[in-house]
Structures are given as C-alpha cells and as structure tokens.
Amino acid sequence: MNDQDRTELAKGYEHKDVEARWYRFWKARGYFHGDEHDRARPAFSIVLPPPNVTGSLHLGHALTATLQDVLIRWKKMSGFNTLWLPGTDHAGIATQMIVEKELKKTEKASRHDLGREEFLRRVWAWKERYGSRIGEQHQALGAALDWDRERFTMDEGLSRAVREVFVRLHEEGLVYREKKLINWCPDCHTALSDLEVEQKDAEQGELWSFAYPLADGSGEIVVATTRPETMLGDTAVAVHPDDGRYRAIVGRNVRHPLTGREFPVVADAILVDPEFGTGAVKVTPAHDFNDFEVGKRHGLEQLAVIGPDGRMTAAAGPVAGLDRFEARRRVKALLAEQGLDRGTKPHLLAIGRCQRSGTILEPLLSDQWYVRIEPLARPAIEAVEQGRTRFIPEQWTNTYMAWMRNIHDWCISRQLWWGHQIPAWYCADGHVTVAREAPAACGTCGSTALRQDEDVLDTWFSSALWPFSTMGWPDDTPTLRTFYPTSVMETGHDIIFFWVARMMMMGIHFMGEVPFRIVYLHPMVRDEKGQKMSKTKGNVIDPLVITEQYGADALRFTLAALTAQGRDIKLAKERIEGYRAFANKLWNASRFALMNLDGFESPHPPAPLSGSAGPERGEIRGDPAAEGRTAADRWILARTQRAVNETVAALEAFRFNEAAATVYHFVWHELCDWYIELAKEALYGDDAGRRRAAQGTLVHALATALRLLHPFMPFVTEELWSVLRAKVKADAWPDAILAAPYPAVGPVDEGAERGFGPVIGIVDAIRNIRGEMNVPFKVVLEDVEIGSLDREAAGTVREELARIHRLANVRDAVVHADGAPPARRPASAVAVGAGFEVRVGLAGAVDVAAELARIAKEVEKLEADLGSIERKLANPNFVQKAPPEVVEKDRARADELREKRGKLEAHRAMLSGTLDSPGARPGRRESMENENQNPSQPAQPSQASQAASGAMETVEKVVTTVSEVGKAIGTAVASGVEAAVEKVMPKRKKVARKPARKAKARKAAPRRAAKKKAGKKKAAKKTARRPARRAKRGAKKRR
RNA sequence: AGGCCCGUAGCUCAGUGGUAGAGCACUACCUUGACACGGUAGGGGUCGUCGGUUCGAUACCGACCGGGCCUACCA
C-alpha cells in the first residue's frame, strides 16, 4: 500500500475511498490462501455454500459471507491455517430455465429447436459470461475467500467425483433404477425429489362426490374426490373393513360409468377413514401416492391417464387429450349427465407445487434413478448422536434427526439437459451398463450400440459431495488431508435436508469421516416487517446497494449484530445507518488519537505486537510510559482486556450478536465516551510523563479495538491500522491488520475496574444534578464537595480530580477522605452513590423546591427498593433457605440503601429548613406539599436543618486535612443528623399519593422504582457489577 | 395432525432462578480544541395470560391465547 506514510485522517469516514483498495491488497499478499502443506498450525476450514452460478448476491449470501468471513479472519488472526473455499453451483433447473427463457426471448426458440448439444453450448456460454458475477460481489463484501481454489460443480474434477460416487453407489446396490410414482412437474418436464415439492398453505378447493354403480346394477357406492379427472384411472374403490355400511359389497365390482371397465370394492384399513366423506374412496394407483400403495397391497392395475405434459392420455377415453384441469370439468359434466353427481362441498386442501415453476405437480409413474438412502442415513444419524458433528443452535439437531429417521429414497434423475449426465448406458436389448467412462460395449451382452441415459442428476447430488469433491477427491490430496473434515458448515436452516444431511451421508460414506465438525445454521433474513424478501413483493434489499450507500463494513456489522441464535433477522435501514455511524465513530476516535500522538513511538524500543492485549504483555510491556499511568489508564486497560475476553468467548460460542455488541459498547461507550475524554487532561497538559502514559494507553486500547473489530469491519480497521501504525512508527506491527495477532484472552485487572467506579459515579452524579437542576454544561460549578469515600477511593478520586473537573466542568472540588461526608449546606444539590456522596452548591440559583422534589423522588425509589429487601429479609424462609451469600448480599445492600437514605434525608431536612426561613421563596410551597411534606410540623425541620448545617460548618473547616479527627466528626455529625431526621420524617412514605393500587401492582412497584434508580447510575453500575456477573456466568458454563 | 421457534420499552431485539438491558425513535439542553454519522441528561416496561415448582419466577414446568417456520397428510 502506498499509505504507509499517511498519518492524518479526513474528518469523516468515506467508505468508498477505502474499500476498493484493501481487497486487492489482501489478495495480492496471498492472505486468503490456505496452505495445504502447513501441518504445523492448526487448520480451520470452511467451504462456502456454493451460490447458483446464475445468481446475484442477495442478503442471504451477504449474511453467509459475513459470518464465515468473521470466523475465517478471526481464526486466521488467531494463528490458524485457514481455508475458505469458494465456488458455484450449476443449479440444474434454475440455470436451464433462465437460459431457456432468454432463448425464447431473443431467438424465439426452445431448447428442442437447438438440440441438446447446441443448447448446452449456450448454457456454458452463459455461465462464462455471468458466472463470475457472484464471486465479484463477494469480494465487494470483503470475503477472504481462497480464489485459487474456486470450483464449479461441473468442473471436470467435480464431475469425475460425481461419476465415481454414482458408480460406487451403484456397485454397492445403493443406486437403483425403478418404475415408481414420482412427483412430476408438467411445466419443467422433469421428476422432482420430495424436497422440491412445495406444500403451501391449504387452498380453498372442493370435495366432489359421485356414485359408482355396482356392476350388477344392484345399487351404487358414493365416493368423494378433489380430483375428479383421475377417476378415469380408478381401478378400485376402497372402504374400511370394519365399516358395517359396506361389508356386503366388499369384493363385488363396480362399473366405470365412462369407460365401462369393472373393478372391485376392496377393504383397506390403512387408506380409509370411515369418518371422512362417505367412508368410501376411489383408488387411482397411477396418480396418487396413497393409492399407489393400496394398489400394491391389493394387486391392482396401475392405469395412467395423465401424461408428462399434464394432458389426459388415450387411456382416458372420453376426455383423452384434454388438459387435466379441463378434463376435471368435463368429467363432472359427463357424470352429472348420467345422474351420478352427488354434490359438492367446500374443502381445504394442500396442493404440492413445483419449487421452481409453482406448477401443480402430478404424481406420475415413471422409470427413475434412486439412492437407497437408509444405509447412508444410519451412520449420519450416529455421527450426530456421538457428537462428531454438532448443530448450533442445538434445536436443529431434532429437525435433522426427525427427517433422517423417516427418510425416503432419493429420486436423483432429472429430465433436464443441464447437469451431470447419468453415467449409465443402454444397449438395444435394454441392458444397463454403469461406468465411470463411456464403455465400449454392453456389460451384459457385449453389444457396442450403446446409448447413454439422457437424464442428468439432481443438482443436490453434486452439492452433497462439495466438502471433499472441491478438495480433489477421489484423489488423496494434501488439501484433503489438511482441511478435511472442515471445521464449520455455516448455512441457512432452509437447506438442512437438501444439503447438510446429504453432505453428512456422502461425506461419511466416501471419506469415512463427517464433512464438518459444526453445523452453524444462521437465521433467515427478512424485511423490517418480518416478511420473506422476494422479487414479487418488491421488498428485496440488494446488499450491493447497501454497500454502496453505507459501506460494506456497516452492512457486515449490522448482519453480525442481528444474528442471534434462534430468531430470524428483520433488517431495517435504521440499523445499518447506526452502524455506519459506528464506523465513523471509530474513524474519529482514531483521528483523535493521531492528532495527539505526535512524538509518540510505540513500542519504544520496538517489540513484536503480542497477541495479548493485557497491560502486562503486548506492545506496552516494558513501556516506560507505564510509569505515568493513572487510575483512568489502568481502568481502560482493564476494560480493554475484558472486552477482548468477552468478544472471544462470544465468537467461540458462535454468538455473533454478543461479540458485535461487546466491541461496539467497548469502543463507543468506554473508549470514546470515557477514556478519550479522560485522556484529554493528560494529552493537552504539560506533564510529559503523563502524556506519554496516556498516549501509550490510547494506542494500546485503539490497536486492540481495531484488531477485535477487524473480522466484522475489515476495511475501516485495515485503513486505520495502517495509518496508526505509521503514526507511531510501529515497525514491529505487521503492516496488515489481517496479519496481526488477534487479541488474546487474559486476566482482567478487576481492582482497576472497581477502583475507578467512584470516579465514573461522581461524574455521572454531577452531570445528573446539572441535568435535573437545569444547569447547562458550560456553567462552571464552583462549589463541589465529594465525600463519604473510603481511603482507597479518596486516593483515586484525588488522583483523577483534574479529569473529574474536566468531565463535569467543575472548578476545584473539595475531596473528603475517610468516610467524611460533604457539608450539609443550603442552596445545594446532593447525590449519593455507592461509596461516595457529592454536594453541588448552586449558589443562589438553586431551586429549593425542585431539589426537594428530586430528593423526594430519589428517596421514594430507595424506600421501595429497601422495602422489598426488608420484606425478604424478614421472611424466615428466605433467610433459612436462600444461599448465605445471597442473604448476605441483600443485608449489605439494605445497609447501603439505609445509609444512602439517611444522607439524602439529612440533606432534605436541611433544605426543608431553608424553606421555612425568611429567605424561602413562597411560591414554591405548593410543589413542596406535593412532595408529601408534613405541614403540621413546621418547626421541626427547621430545627433539624439548623443542627445539621451547624455541625457541618465545623466539618467543612477541617475537611482539607485528611484526619481521624475529620472522620470522627463526620461520623458524629452523621448520626446526629440521622436522629434529627427521625423526628422530621415521622413515617415512611407509603407512596400514598397515588390512587389505590391493585394487589398485583404492589408487587411491581418496587421493581419499577428500583430500576429507575439503577438507570440513574448505570455507568457506575455497569463498571462495578460486570465482573461479578461475568464470573457467575463463566462458572455456570463450566458445569 | 406432529415438531420447532417466538411473544420483554413506541419499533427492532438481547438477557437472566435473586437490583429489567441495548440500538433506534422520543423530550430537554449543548456546535466544549475526534466525531451533529456528535455530546449530556431525561421519559418510557403487571418481561403474552392463567396455574404450578421455589424462600424467591420475566427466566424452570404445565395449560391457554397470539405470531412464525418446518415436516407429514387429509380421499
């Protein structure tokens, strides 16, 4: 790249300037190549589900490409020998139809006009012209595919594999040819497998009844049908053997009213439900799957009356030559003329349609090739039972198993031209010779007049071999030895049966081992309303349009962030916009860093960039900058390591959304919102040691974030990496982020995380007071006291004081150590957090009533919260049966809440007092009363507040010296205040103002209140609590 | 008919047997020397309903109601 020397960034991220360059760079460097000879590094391989060669990229492809690329890049950076193998599928029917359509349009010709050979030449031409399009589209997304290994299912190599498999299966008796009933598409003119039949919602149809006269004229039997035209092919009427109504006529014959044929009434318990219709069923063995079985059970004639074109055959007598639907109307009319119509009832029915053309399918008798599937399915079931292949999300295991355990033989022949022609040859006598290459003579009679079977194989037949056919099978290749079995099969759950199951069966059978260790099934992408995207609905989002507009990184990140397990993705543009903003944010964070890294070289002296992000390792090991680090630096370093740990854990569990959310939160809300703001103090300041420490920390956090993010946002991270690397002259860093080590999991400095909690809490508290008291940020707060800190916290707060000043726009806050609270002073707002208390003097500007209201609100929440905990603690069952640590936690929390309440109420008491003093503003009384003050005791608050503020005056004077004396006074005062408060606030507020609550609501009230409070100090809470939560989760997982 | 998934803030969705979360949207304020694709603060939730298990259920179990998907089949 020529960007090596660039050390500045434009004001905003322009993806178009960046994306085009890097893909070529990676490819040219050979980063995408999987090394089949490298057995030292562990291998990690994925085969890309081959898109249809005719296809154009849609969001499903984009999702697949994104998730697989995330895995590949992550693994590559983590030291694996990665292979991601691309290719395309010839997509038999789909491609043939497209070319036929084109042919019809441009030359008004059918494939039959051209003949097989010429038609195939046209399809190949089409493939050459458009087949590379989808690959190029994958490149636009950044997919790190090994293009040197690109394959096509009709390549010579893969075709050879197909023939090999077919022949071997035939030799083993697992491929056979037979005349059976199959699903036939009259439009596509081909047989289909069960899976290609689409059973859509039941459609409104009708159930028509007619009578078959008994052959001897002694009566009739009424049958009901949804397909009257098939009655021409009826060869029996079936009734239930136990049905008393028909017992007498079982075994007798009926006469066909249109053809005069006679056939029997049979008793069949499997087919007939006596409750349904008339309890008598017409039987058409040649055109209905159930009837086919009945025919076999009773030795009935199979009379085909519908042809491959969907028209009635000559055997259909009076309706011969008619289209099947026309024949339906005609048959009804004819029978009605004979007085045999017995009425019509509306009826819901499900109709099988062709997956491709949507045409209603016709069950037809024909000779087709089949795979005897059960012997192949058994080992594939066992492999999953034994965990040799695992499904994620797990529930798909059931789906797979259910289908595999009830599998039917696979019809693999298709009456198409585009595909692998079946390697079977027939002589004039009809002997079949199956061979890898065209045989010279019939294997049975030696005849040399051979004709190859005209049919081709189901597209999915070659797809089933994809994981090993693409690696050179049937030869024993280094690629196979290195990369088979593949590590992960990542695809949509809509093709579990079509593809995943069949790869399992073929892989196990021919390779002796499963084709992949893990099957990760991603959700389906839908539009923002949850509807399937389709061209006819016009709700298709073109990934490339999105890429153009928002950038490939934004799209990729969006898709990853929405990929939760077990739920479809509803893609809304707002979401993509949000992640484009994220790329921009990252860009600007880097821009900030670059603007403040002058003179900084990392590492110094250069050292290799370790995989670890830990402050004790990596590029900042031995960094002299460590000397000047502050609590803020240590905090972000700890948070960085935690982000690394959580991201890696999420990736390992295929929780793409969690991984994305973790990095997002870290970059935006910790690195940008907090650390960059914190670092400004040092970066803009005069202290060279401090500045250097901040620079080193910033570089480390940023370089780690970029690497964490690279698999998700390859382009912007690569760009930023190159610029950052140049800026800090980090020659030891790889010059491509894709070649850099992924940050490694390591221990988190929890002390640094926890210790910083008060700083964040204090800043939040002051900002909160500003917000609620309507004091804009630009107004400098001159009178701020921070107290109730333990010794350690006080140390940290002192150390970070300059940063607190900057973040909250405060001048010279006073810090009290050793638990001493801030003074109780009028015209102040007070916030109490975990382990700290802040008083903000608001000069004359404080709205006492508003502050009282704010405090009252706060106390109300505390009360509710405390109430629920106290009730819990008062319950002997809870204390006895709950785990001791839970009880202990609640006790501690109750204490904390009580303490907090005490402090707030002391403040409130003092403030209430000022209201009664001459200076109080009369206009505020009303709102004060709304806050449930007790007007009947006007004197006491005043007394209390005087006591409190009087005592506080004393404290205030000693606070600047940290001392035991201060602590003693503080404690004494606090308890004095609490005593006073007891008198002022006669009873707990019962939140009685609100209208009578329902019994149910009472339960919810504390929670609601608690939540609000929790939300208020969310930053502090997040910082402080996360370690505990994570630890617990980790423990659980190990179980 | 059977199976699976889902129902949590206005929307799209995480999550958890012990203090309900994110993004977007919304409200107020702020162009502060990375970023208005920005910042700060705020409002907003009987976690579908009813039972059960439990000291404690949004989470586990059952039933039901709503939505979706899959498989099989209904003459």
Side-chain angles (χ1 to χ4, degrees), chain A residues 9 11-13 199 202 207 223-227 238 271-273 276-278 280-284 288-291 347-350 393 395-396 398-399 402-403 406 493-494 496-497 524 528 530 561-562 564 566-572 574-575 577-585 587-596 657-658 661 664-665 672-673 676-677 680 684 764 767-768 770-772 774 776-778 806 809 865 868-869 872 875-883 886-887 889-890 893 998 1000-1001 1003-1008 1010-1016 1018 1021 1025 1029 1033:
Chain A
L9 292 174
K11 193 169 171 182
Y13 174 50
Q199 299 281 1
L207 188 63
V223 296
T225 181
T226 54
R227 302 202 54 197
L271 177 75
V272 181
D273 170 9
F276 187 92
T278 59
V281 188
K282 61 189 272 309
V283 179
T284 323
D288 180 281
F289 289 96
N290 287 314
D291 294 0
H347 183 63
L348 281 180
L349 67 159
Q395 74 250 17
W396 294 114
N398 292 333
T399 307
W403 189 73
N406 187 30
H493 57 71
D494 53 337
I496 291 183
F497 308 141
M524 298 288 112
E528 69 267 32
L562 290 174
R567 198 194 286 242
D568 286 349
I569 294 179
K570 289 182 197 152
L571 192 67
E574 292 72 27
R575 202 74 190 242
E577 281 167 14
Y579 291 121
R580 176 188 55 176
F582 178 56
N584 190 57
K585 187 76 177 175
W587 179 271
N588 278 292
S590 305
R591 184 165 179 260
F592 169 83
L594 293 171
M595 292 168 78
N596 290 284
N657 61 325
E658 274 187 24
Y664 178 95
H665 184 267
C672 292
D673 285 355
I676 283 183
E677 297 305 323
K680 282 176 180 174
Y684 297 162
D764 272 343
R767 285 172 172 174
N768 175 247
R770 277 185 182 281
E772 301 242 327
N774 249 324
F777 185 78
K778 61 185 168 192
R806 170 180 282 274
N809 198 16
D865 210 10
S868 83
I869 294 182
K872 226 158 56 161
N875 178 355
N877 277 329
F878 172 71
V879 179
Q880 267 169 29
K881 294 183 184 171
V886 171
V887 177
K889 220 173 95 188
D890 277 348
R893 179 156 166 74
K998 295 188 173 86
K1000 240 188 276 174
K1003 198 170 145 196
R1007 284 205 203 109
R1008 204 165 27 237
K1011 167 254 156 186
K1012 284 182 190 167
K1013 184 211 61 218
K1016 191 151 279 182
K1018 56 189 161 192
K1021 180 181 141 195
R1025 291 197 61 248
R1029 282 180 62 184
R1033 191 188 283 184

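Labels below follow one simple rule: chain letters A, B, ... track the order of the sequence lines, proteins then strands, and each chain is numbered from 1. Computed from a predicted structure; not experimentally measured.
For A:Asp494, there are no side chain to side chain donor-acceptor pair (under 3.5 Å) partners at least two apart in sequence or on another chain. Partners of A:Glu677 under the side chain to side chain donor-acceptor pair (under 3.5 Å) rule, at least two apart in sequence or in another chain, are A:Lys680. In this view, A:Glu577 satisfies the salt bridge (charged side-chain N to carboxylate O under 4.0 Å, His left out) rule with no residue, not counting sequence neighbours. Residues meeting the side-chain contact (heavy atoms from CB on, under 4.5 Å) test with A:Arg227, sequence neighbours left out: A:Thr225, A:Glu229, A:Thr230, A:Ile306, A:Arg328, A:Glu362, A:Pro363. Listed by chain and number, the residues in a side-chain contact (heavy atoms from CB on, under 4.5 Å) with A:Val223 are A:Phe210, A:Tyr212, A:Val237, A:Ala280, A:Lys282 (sequence neighbours excluded). With sequence neighbours excluded, the residues satisfying ring-ring contact (aromatic ring centres under 6.0 Å, His included) with A:Phe497 are A:Trp403. Evaluation of the salt bridge (charged side-chain N to carboxylate O under 4.0 Å, His left out) rule for A:Asp288 yields no partner, not counting sequence neighbours. Residues meeting the salt bridge (charged side-chain N to carboxylate O under 4.0 Å, His left out) test with A:Lys585, sequence neighbours left out: none. Take A:Tyr13 and apply the side chain to side chain donor-acceptor pair (under 3.5 Å) test, not counting sequence neighbours, and it matches no residue.
The side chain of A:Tyr664 lies closest to B:C24 when the candidates are B:C24, B:G42, B:A75.
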Using a cut-off of under 3.5 Å, enumerate the N/O to N/O pairs linking the protein to nucleotides 25-33 of chain B.
from  : atom 1 : to       : atom 2 : distance (Å)
B:U31 : OP1    : A:Lys778 : NZ     : 3.4

N/O contacts under 3.5 Å, protein versus nucleotides 53-56 of chain B?
from  : atom 1 : to       : atom 2 : distance (Å)
B:C55 : OP1    : A:Lys881 : NZ     : 2.9
B:C55 : O2'    : A:Asn875 : ND2    : 3.0

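Place A:Val281 and A:Asn657 on RNA chain B by their nearest nucleotides, and A:Asn657 ends up nearer the 5' end.
Both key distances under 3.5 Å define a Watson-Crick or G-U pair, and stretches of 3 or more such consecutive pairs in RNA chain B run B:1-7 with B:65-71, B:10-13 with B:21-24, B:26-30 with B:38-42, B:48-52 with B:60-64.
For the atom pair CD1 of A:Ile869 and CZ of A:Phe878, the computed distance is 9.0 Å after rounding to the nearest 0.5 Å.
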